[in-house]
Participant: 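Sharing a structure below in structure tokens format, with a few things to ask.
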Amino acid sequence: MSETRSYYGRPVLKEPVWKDEIALYFFTGGLGGASSVLSLVARATGHELLAQRSIQIASAADAVSPPLLIADLGRPERFLNMLRVFKVTSPMSVGSWILAYTSAASSVSAFLNTIGRLPRVAELTRLAAAGSGAPLAIYTSTLISNTAIPVWHEARRELPFLFGSSAAASAGAAAVIAVPPAEAGPARRLAVGGVLAENVLFKLMERRLGMVGEPYSKGQAGTYKKLAVGCTLGGAALLAGPGRRSRLAAVAGGALTLAGEVALRFSVFKAGFQSARDPKYTVEPQRARLSAQPADPRSRTRPVSGDGSM
Amino acid sequence: MLDSYGSDAKERVGFFTDTSICIGCKACEVACKEWNLVPEDGLVWTGESYDNTSALGANTWRHVAFVEQKEPARLEGDQPDALRWLMSSDVCKHCTHAACLDVCPTGALFRTEYGTVVVQEDVCNGCGYCVPACPFGVIDRRHLPRSPADPPAEILGLQLGKREDGRAWKCTLCYDRLKGGHEPACAKACPTESIQFGPLDELRERAGKRLEKLEAENWNGARLYGNDPDDGVGGFGAFFLLLDEPEVYGLPPDPVVTTAHLPQMWKTAAVATGALVLGVVASFLGGPR
Amino acid sequence: MGSNMAENHPVGFQWVLEARERGAHVIHVDPRFTRTSAMATKWVGIRAGSDIAFLGGIVNYILEHDLYFEEYVEHYTNASVVITEEFVDTEDLDGFFSGWDPEQGEYDTTTWQYQGMAVHGTGGDTEAGFDTSGEQAGHGGHGGGLEHGEPPEEDKTLQHPRCVFQLLKRHYRRYTPEFVAETCGCSVEDFLHVAKALTASSGREKTSAFCYAVGWTQHTVGVQYIRTAAIIQQLLGNMGRPGGGIVALRGHASIQGSTDIPTLYNILPGYLPMPHAEFYGGLDNFIEANTAPTGFWGHFDAYWVSLMKAYFGENATEDNEWLFRKLPRVDDDNSVYQTTLDMIDGKVKGYIVAGENPAVGNSHAKLHRLALAKLDWLVVRDLVEIESAAFWYDSPEIESGELKTEEIPTEIFFMPAAAHTEKDGSFTNTQRLLQWHWQATEPRHDSRSELWFYFHLGRLLKQRLADSEATRDELVKALRWEYPTHSQIQEPDAEAVLAEISGWEIATGAFIDGYTKLKPDGSTVCGCWIYSGVYKDGVNQAARRKPHWEQSYVAPEWAWAWPANRRMLYNRASADHDGKPWSERKQFVWWDADDAKWTGLDVPDFEVDKPPSYVPPEGAKAEDAIAGDHPFIMQADGRSWLFVPQGLEDGPLPTHYEPQESPFDNPLYGQRANPRRQQFKRPENPYNPVGGEQGSEVFPYVATTYRLTEHHTAGGMSRFVPYLSELQPAMFCEVSPELAAEAGLVHGGWATIYSSRSAIEARVLVTDRIPPIEVQGRTTHQVGLPYHWGTRGLTTGGSANDLSSLALDPNVHIQEVKAFSVGIKPGRRPRGKALTEFVEELRNRAR
């Protein structure tokens with residue numbers, strides 16, 4: 001196959017303008033959203049301490065998320081314009097509303113839970129937080145899939161599950177740090193399960209992406225991915241092993257897992273930049289798609305050859 | 001597309017850029033900047049033929065590409081030492097299905113009564129989502145820092161140096177000029193009428209005839225790009241006659257608006273959401289407390 | 001040829017593309033493949049400086065294959081005229097024409113004349129022992145002043161061995177396609193392609209046009225380049241016909257205007273000559289010497305007197321010979337390059353530089369910067385502080401130490417200028433079209449228009465000299481200097497000036513409608529006879545803007561062309577000698593027998609009621625001496641001149657000569673370059689060794705300078721503007737991959753380009769568009785150099801004109817910057833003192 005043609009090797013797409021805060025937000029959004037869900041199920045199954053810690057973790061994560069996003073805006077003072085409209089064609093619009101509700105609900109619930117007042121309100125808001133928290137943990141994958149960036153767009157079937165697993169693992173790992181090992185069983189299982197799922201999903205995603213998935217083996221995305229794999233598996237091992245009995249091992253395992261989740265988010269984030277930068281990721285699949293179609297007389301695509309033959 | 005405008009809707013207008021008569025003068029780049037007070041975009045010599053502008057962006061809304069090839073301009077007879085120089089003025093495509101508009105969370109990007117896509121600069125908060133959404137890499141966030149002591153943004157833009165403005169900017173198809181009954185600045189300035197402005201239907205018809213003429217004259221590689229309403233963005237509001245494959249000019253060969261797959265993506269998200277909840281529930285089943 | 005129309009006349013070029021769309025061949029012959037070549041149907045690459053060989057080859061092709069337009073050539077050219085038997089061609093004198101005086105270094109043109117007569121200069125004898133044949137000797141249609149309009153000896157069968165036609169054949173016989181290929185570096189096929197296309201597109205039904213610019217004029221044989229094209233166009237019958245002619249693409253929005261209402265030292269408005277010191281005791285002598293016995297120059301006196309009335313009003317009377325004896329006289333060559341050398345020699349006290357940037361734009365720019373530093377005072381009027389105003393603290397010479405700020409005596413006044421949007425005025429473009437423009441905004445701060453500056457300067461000078469008794473102040477005191485002014489800054493009314501240029505009848509105040517109404521008796525005022533009529537009926541004709549879709553394609557109601565709103569000169573040639581159009585397709589102007597007058601799509605360039613059958617009677621004068629079938633009315637014999645007996649310094653026929661500096665010797669003759677070219681052999685102006693001379697290998701490549709669309713001339717109007725500077729933000733050179741490999745240059749890297757004059761640096765653009773060529777059996781490389789850059793502005797860089805020398809065309813003193821020799825090496829140039837040392841070392845090596 002002939003070499004991909006380009007305009008002086010320049011990108012076709014624009015790299016995102018987002019800075020590292022956004023990658024962090026993927027993490028905090030996932031952590032916050034999944035922690036609300038964890039808190040609800042914990043409460044429903046009588047794991048009171050786990051439920052309380054989780055909602056507190058959710059509220060903390062949800063409190064950090066908006067400032068991260070606002071700081072990344074070109075015009076931070078206009079952040080309220082995010083709530084001017086509600087557009088289903090814009091995952092960012094939908095997500096802004098989800099984040100608004102979730103952080104309101106989780107902060108109220110956590111606050112009331114902590115001071116032990118207005119229990120009904122506390123439970124309702126916890127339910128609300130969990131209800132919008134689940135989508136909160138997932139929607140950022142839709143957000144990045146819904147761009148022209150090949151490594152994101154072509155992974156649109158895998159990324160929601162990848163982000164979901166990562167969110168679950170983050171919530172589990174954070175909760176494990178926050179409660180004694182005796183109480184942390186479900187959180188531990190959630191963390192380990194999440195880690196295993198995400199590592200499998202990552203592999204599946206890369207395999208399906210083929211050439212388009214190349215950024216995951218190079219540059220910053222590649223480095224972060226290695227870090228993510230090492231930390232999450234290492235952390236999960238600690239959690240599944242000594243973490244069951246030793247608080248220290250649990251904390252270490254939890255922290256390592258969390259670090260791995262952050263690295264995972266950064267890997268996906270940076271991959272998008274690399275994917276935009278090299279024109280071949282955009283051009284080759286499109287050119288292949290066109291070649292596979294019968295020639296459409298309306299667009300009259302004609303091959304050019306130097307010897308004048310058509 | 002313009003139903004919500006009711007009686008205010010106008011005939012859809014756009015550009016047909018016929019690169020077979022582009023002389024690479026860059027009057028379009030300058031006229032656009034002069035009219036729209038777009039800032040200077042960097043004094044960088046690239047050595048990429050005569051193109052020192054390189055790409056569209058927040059501070060470049062018309063970009064003339066130059067490609068030198070050892071190819072004949074017309075396919076007739078034996079031309080062993082043939083040279084040709086492709087020149088093409090790129091611009092925002094004002095897509096029928098515009099990804100930038102679809103993803104904009106503030107509603108800053110909107111469809112005008114002329115069928116064009118415009119950013120409201122008093123609404124845009126610079127979230128940047130439109131930037132990676134565009135399949136052509138057109139729109140971008142502007143870099144010009146502001147401080148209270150600075151003169152107004154328009155004047156600031158004309159001074160040197162890279163500073164933050166923070167908002168997304170792109171071609172407006174000279175919305176203000178359209179309202180005044182004028183053609184866009186680039187079309188007006190183009191001396192050879194390579195940039196043609198008018199009702200989109202008319203332009204598409206004209207382009208079809210133009211292609212027929214060029215084919216009859218054995219032009220090498222002539223083709224239309226973006227004229228087909230059934231393409232991945234529903235047809236471009238600003239389409240082209242090119243003389244080689246789009247990627248040679250830095251354009252995507254078969255762009256598709258990301259929103260086309262969004263229904264599928266929301267479904268997947270819903271399933272993943274369910275899976276997350278089930279996963280959490282599952283971790284409470286069995287096993288020790 | 002000799003031009004890059006798409007890049008430098010992009011708006012005008014749209015019409016070339018319209019023609020291409022209708023099937024016209026557009027051929028571009030040029031050393032580089034430019035944006036014009038990209039739009040052409042054929043590009044032929046040639047060596048810079050070899051155009052006469054190429055064009056002469058076409059002349060030879062036409063004559064060898066009998067492809068000339070017989071009827072046209074027979075009736076309308078001087079093909080049949082017999083030349084004096086003393087004439088000897090370059091073929092017999094190894095590169096010289098007869099009449100060469102090696103001591104004077106010039107030609108005595110007596111042996112070039114028509115058999116049986118002495119030919120007058122049209123504008124009279126302007127030569128006087130020193131070289132003042134000056135810038136405009138050739139402008140405005142000079143020709144011989146024949147005694148009675150018809151040459152004494154002709155051979156209508158074109159067989160006489162000394163008839164022009166046969167002389168032409170013989171002169172160009174050696175310009176075969178093979179000779180062209182070897183000399184120009186193109187292929188025989190490509191040359192023949194052009195010759196065939198051109199001849200096939202000429203004749204009754206079709207015409208072809210040449211477009212040229214400074215790619216032709218900026219050579220030591222520049223005028224002869226254009227002459228060769230003129231010969232072709234005459235042979236093919238393309239002159240004075242729609243779609244034909246030779247279009248001079250001028251380099252600047254109003255440079256045509258700047259020679260019409262001149263900023264040149266030796267001519268007055270309308271190409272009237274400035275009187276010279278040695279002649280003309282009185283006005284009568286002057287008038288006689290400048291009045292051609294035949295043709296419209298026969299009314300020289302009317303144009304002259306009307307101009308004097310415009311200058312001096314009531315102070316110029318018949319009694320005082322319209323102040324003729326008070327007028328200053330030209331006594332020297334005051335053209336720019338000579339003046340610059342005079343500055344170096346300390347002979348010039350003060351200088352006004354207005355809308356020019358000689359420190360970057362003139363050839364041997366370094367010399368100009370050194371020269372400016374010798375003045376007592378300098379006034380620079382410009383939009384920005386250009387290099388010519390800042391040389392005293394910012395220039396390569398300050399960097400090298402050749403100039404030290406504290407030692408420069410020059411007092412510099414920088415007067416900010418208003419831009420064209422800040423004043424009313426006109427542009428006169430390449431088509432002789434005067435187009436009015438209106439002020440859009442007031443000038444800011446101290447910026448002022450030219451009109452304001454010179455009007456108030458004159459007003460203040462008159463004020464200061466009002467009580468002077470000195471003789472030399474009389475003329476200033478006599479100047480008629482009342483013009484209405486407006487606005488807070490007292491801007492003179494530009495339309496009032498236009499009205500004066502157009503002229504009126506003094507007694508009645510009635511506006512003149514054309515130069516034929518001017519009188520030599522002091523009853524008319526006219527500031528420029530060729531512009532007379534631009535204010536016809538008191539209406540600013542130049543301001544008319546009827547769009548082309550509301551009138552014929554000639555569009556006579558858009559603006560106003562000089563003279564007399566005539567859009568095509570010599571358009572009587574679009575009809576045959578009976579006055580019928582050559583074809584229906586190409587009809588333009590014709591004789592209407594019923595109305596007994598010339599009519600058509602344009603103002604006829606002929607006396608409107610002179611029938612085609614008119615034969616001048618014995619003793620006829622002025623235009624009466626021109627026959628009814630001779631369209632070229634400004635020539636003394638009413639014909640176009642294939643062979644030029646009078647008016648040119650360097651030959652009646654163009655000949656291939658090598659440029660002042662080139663890697664080659666002349667393949668035709670021992671005489672290498674134009675013997676009459678103007679050289680300045682001074683230490684400040686060293687020439688590179690050339691051809692086979694020792695040391696020429698130090699400068700082995702052919703350099704050519706040019707413009708880019710994105711910048712304007714010497715950069716004053718573009719390098720200070722962000723939107724233009726970002727389009728071409730660095731000085732660069734264009735070289736082929738082969739030259740890059742040979743010289744070790746890297747694309748995107750730096751190169752140092754050098755000559756005997758200086759060295760500059762530039763970024764390297766390696767491109768296939770300036771390919772190596774085979775000339776005289778060896779590979780030749782060319783280096784392309786845009787000349788816009790200087791030390792100031794948003795984008796700065798080396799000035800290409802630092803490399804070129806002073807070597808000028810002898811007819812019009814235009815510098816040869818389109819072909820000279822250079823060397824090139826990778827890397828940035830030496831800085832400071834090391835630069836001068838480097839250049840010195842090169843000169844030593846080249847000795």
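Hydrogens, waters and symmetry mates are skipped; everything else that's a heavy atom, side chains included, is used. Just so it is clear: chains get the letters A, B, ... in the order the sequence lines come, proteins before strands, and each one is counted from 1.
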Participant: Is it the case that the side chain of C:Glu726 and the backbone of B:Glu40 share a donor-acceptor pair, with hydrogens and angles ignored and the cut-off at 3.5 Å?
Facilitator: no
Participant: Nearest heavy-atom pair of B:Pro191 and C:Val11: which atoms, and what distance?
Facilitator: CB-CA, 3.7 Å
Participant: Tell me, for C:Trp15 versus chain B, whether the close heavy atoms (under 4.5 Å) come from the side chain, the backbone, both or neither.
Facilitator: neither
Participant: Would you please test B:Asn52 and C:Leu727 for side chain to side chain contact (heavy atoms under 4.5 Å, CB included) and show each step?
Facilitator: CA-CA 6 Å; B:Asn52 296 297; C:Leu727 299 178; over 6 Å; no
Participant: Nearest 0.5 Å please: distance from the CD atom of C:Glu734 over to the OG atom of B:Ser49.
Facilitator: 8.5 Å
Participant: So what's closer than 4.5 Å to chain C heavy atoms on B:Phe66: side chain, backbone, both or neither?
Facilitator: side chain
Participant: Considering only heavy atoms, which portion of C:Thr767 lies under 4.5 Å from any heavy atom of chain B: side chain, backbone, both, or neither?
Facilitator: both
Participant: Got a sec: does the NZ of C:Lys42 have more than 12 other heavy atoms crowding it under 6.0 Å?
Facilitator: yes
Participant: Need one label for C:Gln728: side chain, backbone, both or neither, based on atoms under 4.5 Å from any heavy atom in chain B.
Facilitator: both
Participant: Could you look at B:Val64 and say if it's the side chain, the backbone, both or neither that has a heavy atom under 4.5 Å from chain C?
Facilitator: neither
Participant: With B:Trp45, which residues qualify under side-chain hydrogen bond (donor to acceptor under 3.5 Å, both in side chains), at least two apart?
Facilitator: none
Participant: Indicate the atoms forming the closest heavy-atom contact of B:Arg74 with C:Thr41, along with that distance.
Facilitator: NH2-CG2, 3.8 Å
Participant: Quick check for you: among B:Ile21, B:Thr53, B:Val30, B:Asp81, which has the greatest number of heavy-atom pairs under 4.5 Å with chain C?
Facilitator: B:Ile21
Participant: Any Lys/Arg nitrogen of B:Glu217 or C:Arg20 sitting under 4.0 Å from an Asp/Glu carboxylate oxygen of the other?
Facilitator: no
Participant: Assess the residue pair C:Phe33 and B:Glu68 against the criterion (side chain to side chain contact (heavy atoms under 4.5 Å, CB included)); give the C-alpha distance rounded to whole Å, side-chain angles, the decisive distance to 0.1 Å, and a yes or no.
Facilitator: CA-CA 10 Å; C:Phe33 185 97; B:Glu68 299 176 29; over 6 Å; no
Participant: Let me know if C:Thr36 has heavy atoms under 4.5 Å from chain B in its side chain, its backbone, both or neither.
Facilitator: neither
Participant: Would you say the side chain of C:Glu710 lies within less than 4.5 Å of the side chain of B:Glu29, judging by non-hydrogen atoms?
Facilitator: no
Participant: Side chain from CB out, backbone as N, CA, C, O: work out which of these in C:Val766 comes under 4.5 Å of a heavy atom of chain B, or both, or neither.
Facilitator: neither
Participant: Does atom CD (B:Glu193) have a neighbourhood of more than 12 heavy atoms from anything else shown, all under 6.0 Å?
Facilitator: no
Participant: Within a radius of less than 6.0 Å around CZ of C:Arg545, do more than 12 heavy atoms belonging to other residues, nucleotides or ligands occur?
Facilitator: yes
Participant: Is the count of non-hydrogen atoms from other residues, nucleotides or ligands lying under 6.0 Å from C:His437 atom NE2 greater than 12?
Facilitator: yes
Participant: Within a 6.0 Å radius of atom CD on B:Glu205, are there more than 12 heavy atoms belonging to other residues, nucleotides or ligands?
Facilitator: no
Participant: Looking only at heavy atoms, which two atoms of C:Gln14 and B:Thr192 are closest? And how far apart?
Facilitator: CB-CA, 4.0 Å
Participant: Mind checking the CZ-CE spacing from B:Arg84 to C:Met39? Nearest 0.5 Å is all I need.
Facilitator: 11.0 Å
Participant: Would you name the heavy atoms of B:Ile23 and C:Ala6 that are closest together and state the gap between them?
Facilitator: CD1-O, 3.6 Å
Participant: Using non-hydrogen atoms and a 4.5 Å limit, figure out which bit of B:Cys22 sits close to chain C: side chain, backbone, both or neither.
Facilitator: backbone
Participant: Does any N or O in the side chain of C:Tyr723 come within less than 3.5 Å of the main-chain N or O of B:Val38, such that one atom is a donor and the other an acceptor?
Facilitator: yes
Participant: Nearest 0.5 angstrom please: C:Thr34 OG1 to B:Tyr50 OH, how far?
Facilitator: 8.0 Å
Participant: Measure across C:Ala38 and B:Met87 and return the closest heavy-atom pair with its distance rounded to 0.1 Å.
Facilitator: CB-CE, 3.5 Å
Participant: Between B:Lys26 and C:Thr709 (side chain of the first, backbone of the second, donor and acceptor by atom type, cut-off under 3.5 Å), is there such a pair?
Facilitator: no
Participant: Is C:Glu18 close to chain B through its backbone or its side chain, or both, or neither, when contacts mean heavy atoms under 4.5 Å?
Facilitator: neither
Participant: Can you tell me which of B:Leu86, B:Leu83, B:Thr46 forms the most heavy-atom pairs within a distance under 4.5 Å of chain C?
Facilitator: B:Leu83
Participant: Can you tell me which portion of C:Leu17 sits under 4.5 Å from chain B's heavy atoms? Options are side chain, backbone, both or neither.
Facilitator: side chain
Participant: Counting only heavy atoms not in C:His252 (residues, nucleotides, ligands), do more than 12 fall under 6.0 Å from its NE2?
Facilitator: yes
